[in-house]
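From a predicted model like this one, the values you see are computed outputs, not experimental measurements.
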Amino acid sequence: MYINIGDRREVFWDDYLIDESQTTAKLTPHRPEKKEIVYDQNTLWQMIGISYPQCIKWNGEYYMYYISAMPCEERKEFLQDFNKDKKRLNIVCLMKGKDLLHLDRPNLGLYEIGGSTDNNIILMQCCKGDIEEEFDNFFVFVDENPACPADEKIKAIAQMVNRKKRFPGFRELWCYTSSDGIHFKLGWKISGGDEPYAGLFDSQNTVHYDKKEGVYKLYVRGLHMNYGPAVSAMTDGLITNDMLGALAEDGIRDIRYMESKDFRNWSIPEFLKYNDELDYPMYTNLVQKYERAPHMYIGIPTRYVERKEWGKNFEQLGGQENVRIRKERMKRSPRHGLAITDAIFMCSRDGKTWNRFHDAFIGAELEHAYNWSYGDAYIMYNLIETPCAYPSEETELSILAEERSGESAKVLCRYTIRKDGFASYHADHEVSTLVTKPFIFKGTELSINFATSALGYIYIDVLDETGKPFEGFHSCELFGNSLDRTVYFGDSSDVSKLVGRPVRLRFTMCSADLYSMIFR
């Protein structure tokens, strides 16, 4: 049975297409390049902080949603239940515009703050009896299901708190619906409450509609232990009262998968599987389809690492201002000063089994006053294509990440990465090879996304399934740095006579990276 890649783009982020027995090039992750601060407290309307930025494309404009908060000590009608302790309300805000990097704050006039409705708030946290709309992790997406009613075309999901129930059952996941991305109404409960297999939902949960499979795919926060009194929850999903203390102290935050055909009836959350045996906490997930290769999923989860005690290294980490902020945060909870977060990259072909890279994708940078802390590397959901810096005429992918997490006035900083550039098969100055498994394709020419040094090169040979070269299919020398380089075999790029025949490709590489390829 041969792999049929058709005319889809194949990215070199995993070993799916690789004959490892004949490949010496190394699978290598890449970090994005840090650029400028795009939005700060002077450009974002906010009261207390910003968190979980996310972006959708709707009616030709970008809509960026984010969570902020406002004090409510003077608003007695809001001082119920959860808000009595925090004395603040979560709010959902919106910015929009034609260009991701120049979004404006619309004057929506929906809520009065300080005697004025001149703000961009679309929702404000409130209590309805025993149910509290918390908005701590409000997530918005465009429903691409062709059967979706027009007034539900934009959906959101958010954690609710049921004050009558104990941990973990007090957390429920609900949906909201909208026709315009501004006016949302409360919909129905998706999961949680008394369901024994439900997730915890207490970070950004993400969902999208998979047009090819015809199902909604939802990725939610869970919590487990692989030892001690709560180990049975790894298999049966049940969390009993005697487990609660152990879970709260030593539980490992995880990501779980659910699916639904109608957005109302959902499967039991199941653990994701990984290409490794490590078990460390992941706080968010940012799972999404990769548009240039829509058979691929990517995730950029925030990784959570909590030291258990203060030590001499903390006294030096990031300098005295960092130490001051960290100690101030520990007054609220010790983990707020002892925990550190960064982000990693992972990819999948089915959305359930993931190839995970352990090096930091964003975060873990040279220390300064506001990094190496709990809240680093919370990243905006969605990758946005933006122009490369002049004089290049190509485009790249922009990523916005929260920074200065120790302050209430966070900023959003832009990072960029080349298209398909999350990982590559890499050869250093020693000549290496990459050989594929047998596959069939359709198309008339081959294009690759690659980069070499001035010294480097790539040659490509087309082989039959046994490894014997096809006559006339040894490429010219390929060098440079291109997202889309047509491969010539002699004077011709035409490969149409090999369509439908099992082939292998052999890449002979020196000082080079191979990111993706496509037949078209």
Indicate the atoms forming the closest heavy-atom contact of L173 with L218, along with that distance.
CD2-CD2, 3.9 Å
Considering only NZ, NE, NH1 and NH2 on the basic side and carboxylate oxygens on the acidic side, decide whether R303 and D342 come within less than 4.0 Å.
yes
Sorted by chain and number, sequence neighbours left out, side-chain contact (heavy atoms from CB on, under 4.5 Å) with Y52 holds for I67, N137, S203, Q204, Y283, T284, Y378
Do the two ring centres, one from Y374 and one from H336, sit under 6.0 Å apart?
yes
Show the nearest heavy-atom pair for residues L17 and M517, with the distance to one decimal.
CD2-CE, 3.6 Å
Would you say that D151 contacts T177 through its side chain, given a criterion of any heavy-atom pair below 4.5 Å between the two side chains?
no
To the nearest 0.5 Å, what is the distance between OG (S191) and CD1 (I157)?
10.5 Å
Flag if over 12 foreign heavy atoms under 6.0 Å of CD, E393:
no
Quick one: are I448 and D484 in side-chain contact, heavy atoms under 4.5 Å?
no
Over all heavy atoms of both residues, which pair between A343 and A377 is shortest? Give the atoms and the distance, please.
N-CB, 3.7 Å
Short side-chain donor-acceptor distance under 3.5 Å, N481 and R418
yes
Tightest non-hydrogen contact, residues V11 and A293, listed as CG1-CB, 4.3 Å
Pairing of D210 and K289 as salt bridge, 4.0 angstrom limit:
yes
Using the ring of Y176 (Phe, Tyr or Trp, six-membered ring only), decide whether K185 places NZ or CZ under 6.0 Å from its centre and within 45 degrees of its axis.
no
For the residue pair F479 and G456, what are the closest heavy atoms and their distance?
CB-O, 3.5 Å
Are I384 and K57 side-chain neighbours, meaning at least one heavy-atom pair lies under 4.5 Å?
no
Does the side chain of R292 come within less than 4.5 Å of D420's, by heavy atoms?
yes
One pair to check against side chain to side chain contact (heavy atoms under 4.5 Å, CB included): R485 and L478. What are the steps and the verdict?
CA-CA 8 Å; R485 177 62 50 80; L478 297 156; 3.9 Å; yes
Cut-off 3.5 Å, side chains only: do D118 and S116 have a donor facing an acceptor?
no
How are the rings of Y219 and W354 set to each other: parallel, tilted or perpendicular (split at 30° and 60°)?
perpendicular
Donor on one side chain, acceptor on other, S348 and D350, under 3.5 Å
yes
With sequence neighbours excluded, what pairs up with K34 under the side-chain contact (heavy atoms from CB on, under 4.5 Å) test?
E365, E403, C413, Y415
Quick one: list whatever passes ring-ring contact (aromatic ring centres under 6.0 Å, His included) with F507, sequence neighbours left out.
none
Can you sort out the partners of H358 under ring-ring contact (aromatic ring centres under 6.0 Å, His included), two or more places apart, ordered by chain and number?
Y280
Between K96 and D104, is the closest basic N to carboxylate O distance under 4.0 Å?
no
For Y257 and N285, test the side chains for any donor-to-acceptor distance below 3.5 angstrom and give the result as yes or no.
no
Salt bridge (charged side-chain N to carboxylate O under 4.0 Å, His left out) against D428, all qualifying residues, sequence neighbours excluded:
none
Between Y209 and Y216 (judged by ring centroids, cut-off 6.0 Å), do the two rings come close enough to count as a pair?
yes
Salt-bridge contact R326-E328 (side-chain N to carboxylate O under 4.0 Å):
no
Heavy atoms, side chains only, cut-off 4.5 Å: are L100 and C55 in contact?
yes
May I ask you to decide whether E309 forms a salt bridge with R307, counting only side-chain N to carboxylate O separations under 4.0 Å?
no
Donor + acceptor pair across side chains of E133, Q125 (<3.5 Å)
no
Parallel, tilted or perpendicular: ring planes of F345 versus F361, cut at 30 and 60 degrees
tilted
Is any side-chain heavy atom of I18 closer than 4.5 Å to a side-chain heavy atom of F12?
yes
In terms of relative ring orientation, are F139 and F141 parallel, tilted or perpendicular, with 30° and 60° separating the classes?
parallel
By the definition side-chain hydrogen bond (donor to acceptor under 3.5 Å, both in side chains), identify the one residue from K352, K217, R349 that meets it with Y297.
K217
Once salt bridge (charged side-chain N to carboxylate O under 4.0 Å, His left out) is applied, do any residues pair with K155, and if so which ones, sequence neighbours excluded?
D143, E152
Given the rule in the side chain to side chain contact (heavy atoms under 4.5 Å, CB included) test, do I154 and I182 qualify, once you have shown the distances and angles that lead to the verdict?
CA-CA 9 Å; I154 297 181; I182 297 174; over 6 Å; no
Would Y515 and H30 count as a close aromatic pair, with their ring centres under 6.0 Å?
yes
Which atom names give the shortest non-hydrogen contact between P32 and I362, and what distance separates them?
CG-CG1, 3.6 Å
Ion pair check, K312 and E315, cut-off under 4.0 Å:
no
Compare all side-chain heavy atoms of L110 with those of L123 and state whether any distance is below 4.5 angstrom.
no
Are any non-hydrogen side-chain atoms of N107 and N119 less than 4.5 angstrom apart?
no
Strictly below 4.0 Å, N to O, side chains only: are E385 and K419 in salt-bridge contact?
yes
In Å and rounded to the nearest 0.5 Å, what is the CE to OH distance from M95 to Y62?
15.0 Å
Could you give the distance from CG (N275) to CZ (F357), rounded to the nearest 0.5 Å?
8.0 Å
For the ring pair W13 and Y290, is the centre-to-centre distance below 6.0 Å?
yes
Do R221 and F201 form a cation-pi contact, if we require the NZ or CZ to be under 6.0 Å from the six-membered ring centre and within 45 degrees of the ring's axis?
no
Return the CD to CG distance between E61 and D99, rounded to the nearest 0.5 Å.
11.5 Å
Would R414 and Y39 count as having a side-chain donor-acceptor pair, cut-off 3.5 Å?
no
